[in-house]
Amino acid sequence: MGRLTGALNAFSLGSVFVHANVYTCTHLGTPYQGNCNLCRERVAQVTGGTTLCPSEWHKAYPIAQGNRQSPIDIDSARAVYDPSLQPLVISYESCTSLSISNTGHSVMVEFEDTDDRTAISGGPFQNPFRLKQFHFHWGTTHSQGSEHTIDGKPFPCELHLVHWNARKYATFGEAAAAPDGLAVVGVFLEIGKEHASMNRLTDALYMVKFKGTKAQFRGFNPKCLLPSSLDYWTYLGSLTTPPLNESVTWIVLKEPIRISMKQLEKFRMLLFTSEEDQRIQMANNFRPPQPLKGRIVRASFKA
Ligand SMILES: [Zn+2]
């Protein structure tokens with residue numbers, strides 16, 4: 001049950017992350033000692049204040065070295081076009097958003113998920129998956145931020161729309177622990193013109209600046225955050241934050257959406273820390289790509 005509670009914490013306001021003052025970190029492949037400016041929030045509490053960077057998560061979560069970990073680098077030339085993959089059907093017909101919150105590692109918008117009004121189907125899926133929440137990963141600079149990379153190239157930001165298999169599992173927590181329980185749609189964000197529909201979201205960020213804060217956020221339809229093409233890559237992977245459950249069928253959309261520099265900068269105003277703590281900017285809240293370990297990435301489109 002401890003693991004499952006951990007799974008829920010990773011998605012809710014409770015946090016398994018703490019900050020260490022001094023430790024060795026190899027985040028992004030660079031040996032580093034001292035205060036980790038790259039991954040402060042990416043440290044997991046083990047016992048007695050011992051803290052771990054992503055490269056050491058396996059000490060607390062052995063699954064971190066498992067066979068289907070996420071994110072990955074998608075080598076577009078090695079992805080296999082699979083004509084049997086169905087088009088992805090995104091049925092976000094109602095505006096069922098509830099709240100916006102600062103989880104201490106991202107900003108998250110949660111949805112009512114008592115029925116299939118806001119769900120995805122088609123693609124590699126046999127039944128609909130309900131939207132539970134979406135959140136973002138971003139960098140301190142535009143040269144990093146996304147979790148998935150394409151041909152080695154990161155994007156400044158990545159949106160994750162997290163869905164669960166409510167036909168097969170009774171609760172989100174149960175689905176998060178099962179190999180076919182979750183479906184996450186990843187959308188890359190790049191810098192360009194202002195994204196009009198994103199303003200409602202970026203204008204709400206000031207309300208959840210501190211870790212643990214939450215505000216009402218109703219009537220937002222995330223359909224407006226999708227690109228025009230739903231061409232995708234798909235592979236079997238995991239959550240990208242502890243407890244790193246290998247429960248996710250990933251759908252990574254090929255076409256990025258664009259937001260303005262000003263809009264992205266509003267994400268960088270958020271803090272990893274609570275109001276009473278010393279302020280630490282929320283950014284670089286991504287896990288680096290993990291080994292493919294023989295997995296095949298399928299493409300819904302011909303290269
Ligand atoms: Zn994510």
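In this chain, numbering begins with 1 at the start of the sequence shown. When reading the values below, keep in mind they use all heavy atoms of this one structure, side chains included, and skip hydrogens, waters and symmetry mates. Note that ligands are numbered from 1 as they come in the structure, with each ligand's atoms numbered from 1 the same way.
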* Sub-2.8 Å protein N, O or S atoms surrounding the Zn ion (ligand 1) ->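 Listed by chain and number, the nearby protein N, O or S atoms are His135 NE2, His137 NE2, His160 ND1.
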
* **salt_bridge(Asp113, Arg130) N-O dist < 4.0 Å** =>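 Judged by the 4.0 Å cut-off on N to carboxylate O distance, Asp113 and Arg130 do not form a salt bridge.
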
* **Salt-bridge present (Glu194, Arg258; N to O < 4.0 Å)** =>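 No, this pair does not count.
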
* **Axial cation check for Phe155 ring with Lys153, 6.0 Å and 45° limits** =>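 Output yes; distance and angle both within limits.
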
* **Aromatic Tyr232 / basic Lys254 pairing, under 6.0 angstrom, 45° off normal** =>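 No - Lys254 does not lie over the ring of Tyr232 by the 6.0 Å and 45° rule.
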
* Asked: Do the side-chain N and O atoms of His137 and Glu147 include a donor-acceptor pair separated by under 3.5 angstrom?
  ->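 There is such a pair (donor and acceptor under 3.5 Å, judged by atom type) between the side chains of His137 and Glu147.
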
* **Distance-only polar pair, side chains of Thr249 and Tyr235, donor-acceptor under 3.5 Å** =>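 No, because no side-chain N or O of Thr249 sits under 3.5 Å from a partner of the opposite role on Tyr235.
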
